[in-house]
Protein chains: 2
Amino acid sequence: MKKASGIRDVARHAGVSSATVSRVLSGQAAVSEQTQARVLAAIQDLGFQPNHMAQGLRRGRSTTVALLVGDIEQGVYASLTKHIQPALEGLGLDLLLYNLGHSQDRLQNILARTEAMRLHGIIVAASDLLSTPNIQSLAAKVQEQGLPVIAVGLSLQAHGIPSIVYDDRGAIRRSVSFMLESYGGPVAYLGRILGSASGTERFAGYQDALAARGLAVDPRLVWDSAYRYKAGWDSVQDALDRGLSFRAIQAGSDEMALGAMAALQARGLRIPEDVAVTGIGDIEASAYLCPALTTHAAFPAAVAETIAALLEDHRRRKPLAPVTTLERSFVRRASA
Amino acid sequence: MKKASGIRDVARHAGVSSATVSRVLSGQAAVSEQTQARVLAAIQDLGFQPNHMAQGLRRGRSTTVALLVGDIEQGVYASLTKHIQPALEGLGLDLLLYNLGHSQDRLQNILARTEAMRLHGIIVAASDLLSTPNIQSLAAKVQEQGLPVIAVGLSLQAHGIPSIVYDDRGAIRRSVSFMLESYGGPVAYLGRILGSASGTERFAGYQDALAARGLAVDPRLVWDSAYRYKAGWDSVQDALDRGLSFRAIQAGSDEMALGAMAALQARGLRIPEDVAVTGIGDIEASAYLCPALTTHAAFPAAVAETIAALLEDHRRRKPLAPVTTLERSFVRRASA
DNA sequence: CTGAAAGCGCTTACAG
DNA sequence: CTGAAAGCGCTTACAG
């Protein structure tokens with residue numbers, strides 16, 4: 001806990017110039033072994049740590065990556081953040097978190113603020129359909145500033161932004177097909193979230209499954225809704241009030257599925273004997289409910305690794321993979 | 001989207017010196033109205049934004065606040081983060097997130113890394129008992145570096161660190177008393193988490209409630225456990241296997257309460273007819289389960305406001321309130 | 001109220 | 001392999 005010392009102090013202590021200290025710090029330039037040893041010792045002795053702001057100013061970029069998430073309170077984003085932070089730390093990068101709260105305006109403000117801080121990169125993890133100006137703003141950063149921008153959960157590949165996505169359409173197709181076969185009766189779709197990129201993808205999987213069996217989509221069994229528990233609860237209460245009948249529900253997220261299950265149980269319906277339920281996302285709570293929720297797992301660790309790899313590729317000026325698609329895995333539990 | 005322009009460009013554009021531009025930027029020094037207007041216009045014209053790294057280097061501190069959370073996947077920390085980020089943004093500050101994963105080693109590493117970045121402040125939101133070296137390291141930052149450090153969820157007031165805490169002991173005392181009165185039978189305590197500051201506080205509330213009725217604590221009905229859903233599930237399964245009998249459960253967190261409820265239901269027990277359950281925290285899921293969980297609410301918005309106020313006080317060199325205690329509010333729902 | 005100048009702590013051509 | 005010097009983009013005494 002010495003007073004903040006600078007590179008000059010280290011240089012003096014080691015009997016070299018500050019340029020040399022800087023060189024051993026960067027590890028890039030060639031420095032003789034002896035010199036290096038002496039500098040390293042001086043750094044140790046003084047407990048020296050290079051000033052990030054000075055380095056950033058000089059290098060023209062910070063060591064900070066902005067992570068913009070749809071809503072940190074949602075399990076998906078929380079677990080993603082939990083894995084991304086240490087992955088960045090491994091690359092010597094720090095994570096600046098911005099919670100979008102699913103607002104395009106907020107995204108726009110943040111993107112504007114962001115210019116001034118010479119970020120090292122931007123990760124956008126949001127399932128919302130982004131507004132055109134926002135996408136253009138992101139694409140501009142990639143092209144003009146050479147700033148790596150990575151999209152997670154929605155594909156911005158068409159705009160030249162490397163993306164990491166799940167094959168949600170395929171996943172939902174499989175689980176809906178499974179429920180159609182196992183339970184026969186009609187399968188409702190909960191949460192065709194308008195304005196959500198992944199919501200749209202997932203709903204397409206539902207359509208695929210019905211189409212494969214020559215079934216038509218019954219609009220009364222497609223429930224638009226907001227995100228979250230309450231939406232699931234409300235939609236099911238509403239459907240039951242209207243006397244609709246269905247044998248199973250595919251929810252667009254685990255949160256909605258849990259809300260739906262509570263509503264079914266509150267009405268005295270048994271899961272899965274009366275109505276089967278499947279979610280997608282596999283949030284932590286899903287495994288510890290009664291009955292436990294059948295769902296599709298996510299792989300936040302794999303996403304974090306992919307992000308780290310892309311960032312490394314960018315550093316080495318390698319071309320970045322335009323899109324990385326991860327498969328969901330179906331987690332069969334008691335609810336379906 | 002102009003090329004990054006500097007203060008000099010603005011100065012030239014406005015026909016003044018860069019010192020003057022800096023002055024209108026800071027808003028601190030006196031500048032004539034005309035000059036100010038011209039500078040502002042130039043800033044507009046060029047879309048100028050001051051370089052954060054340069055400002056930080058010169059001022060000796062960044063505009064970045066580090067938020068260290070126990071585990072971002074837990075509802076408490078997620079909702080706290082969600083509210084703190086915009087509160088900081090309102091003060092022109094950015095949030096650097098570090099996920100501790102409840103590890104003292106990680107905290108130590110982060111605290112060490114942190115030296116180099118000339119932070120604007122540090123917020124520690126963790127319920128773990130901090131290790132002595134970590135507390136000393138935090139206290140040292142307050143004293144030597146004049147860096148504001150704020151503790152949330154655990155009181156570090158004894159170490160000169162302003163703290164924001166809930167009266168969890170009082171809250172648990174009230175709900176345990178309530179269950180004792182309503183259900184008569186024995187109340188078990190789930191989650192006396194060893195090594196957790198708030199875990200200890202909460203358990204003390206349980207002891208208070210029993211003591212107030214002249215009851216002794218039955219050690220078989222005090223279940224130590226880890227955090228989270230699984231712990232709640234396992235503890236209850238275990239207690240049931242051992243043939244223990246209890247009429248109600250006070251859980252040390254909502255997550256544990258939900259895990260416990262699932263375990264009870266899996267064994268065919270009804271809630272609250274056979275066993276009543278109360279949690280603490282009021283995570284989003286709690287309201288949308290069947291039955292909905294009776295719990296104690298948190299007030300993340302109030303915490304965020306308090307943090308912002310403390311940071312402002314620090315900026316104005318006012319003394320900071322050593323401790324701010326918030327009351328929980330009891331949310332009576334169906335589970336107890 | 002305003003400007004010229006020094007300097008925050010680094011990195012990186014440029015010489016040698 | 002190493003050093004002296006310039007400069008990244010700001011802010012802030014110091015004069016006037």
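Naming convention: chains lettered A, B, ... in sequence-line order (proteins, then strands); numbering from 1 in each chain. These numbers come from the heavy atoms of this one structure, side chains and all, not from hydrogens, waters or symmetry mates.
A distance of 11.0 Å separates OG in Ser79(A) from CD in Gln74(A), rounded to the nearest 0.5 Å. Note that CD1 of Ile122(B) is 5.0 Å distant from OG1 of Thr114(B), once rounded to the nearest 0.5 Å.
Between Glu33(A) and Arg38(A) no salt bridge is recorded (no basic side-chain N to carboxylate O distance below 4.0 Å). A salt bridge does not link Glu312(B) with Lys318(B): every distance from a Lys NZ or Arg NE/NH1/NH2 to an Asp or Glu carboxylate oxygen is 4.0 Å or more.
At whole-Å resolution of the value, CD in Gln36(A) and C1' in dT2(D) are 14 Å apart. Rounding to whole angstrom units, CD of residue Gln49(A) and P of dC10(C) are separated by 11 Å. Distance CG (Leu57(B)) to P (dG9(C)): 7 Å, rounded to an integer number of Å. Atom CZ in Arg8(A) sits roughly 13 Å away from atom C1' in dG3(D) (whole-Å rounding). Between Arg12(B) atom CZ and dG9(D) atom P the separation is 12 Å, expressed in whole Å. Residue Gln34(A) contributes atom CD, which lies 13 Å from atom C1' of dT2(D) at whole-angstrom precision. For Met117(A) and dC8(D), the CE to C1' distance is 18 Å, given to the nearest whole Å.
Out of dC1(D), dA4(D), dA4(C), the shortest distance to the side chain of Ser17(B) is found at dA4(C). Among dT2(C), dC1(D), dG3(C), the nucleotide with an atom closest to any side-chain atom of Val16(B) is dG3(C).
When atom types are taken as modelled, the side chain of Asp71(A) and the backbone of Asn99(A) share no donor-acceptor pair closer than 3.5 angstrom. The closest donor-acceptor contact from the side chain of His314(A) to the backbone of Gly146(A) lies under 3.5 Å. Side-chain atoms of His83(A) do not come within 3.5 Å of backbone N or O of Pro300(A) as any donor-acceptor pair.
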Checklist entry - What one-letter contact string describes nucleotides 11-16 of chain D from 5' to 3', where B marks a base within less than 4.0 Å of any protein heavy atom, S marks contact via sugar-phosphate atoms alone, and - marks no contact? => result BBB---
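For Thr35(B) and dC1(C), the shortest distance from a side-chain N or O to OP1 or OP2 is not below 4.0 Å.
Considering every non-hydrogen atom in both Leu68(A) and Leu111(A), the closest pair reads CD1-CD1, 3.9 Å. Residues Leu147(B) and His120(B) share a closest heavy-atom pair of CD1-C, 3.7 Å.
dT12(D) and dG16(D): their C1' atoms are spaced 16 Å apart (whole Å).
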Item to check | Canonical and wobble pairing (Watson-Crick, G-U, under 3.5 Å) of DNA chain C, dot-bracket with | | outcome: |||.||||||||.|||
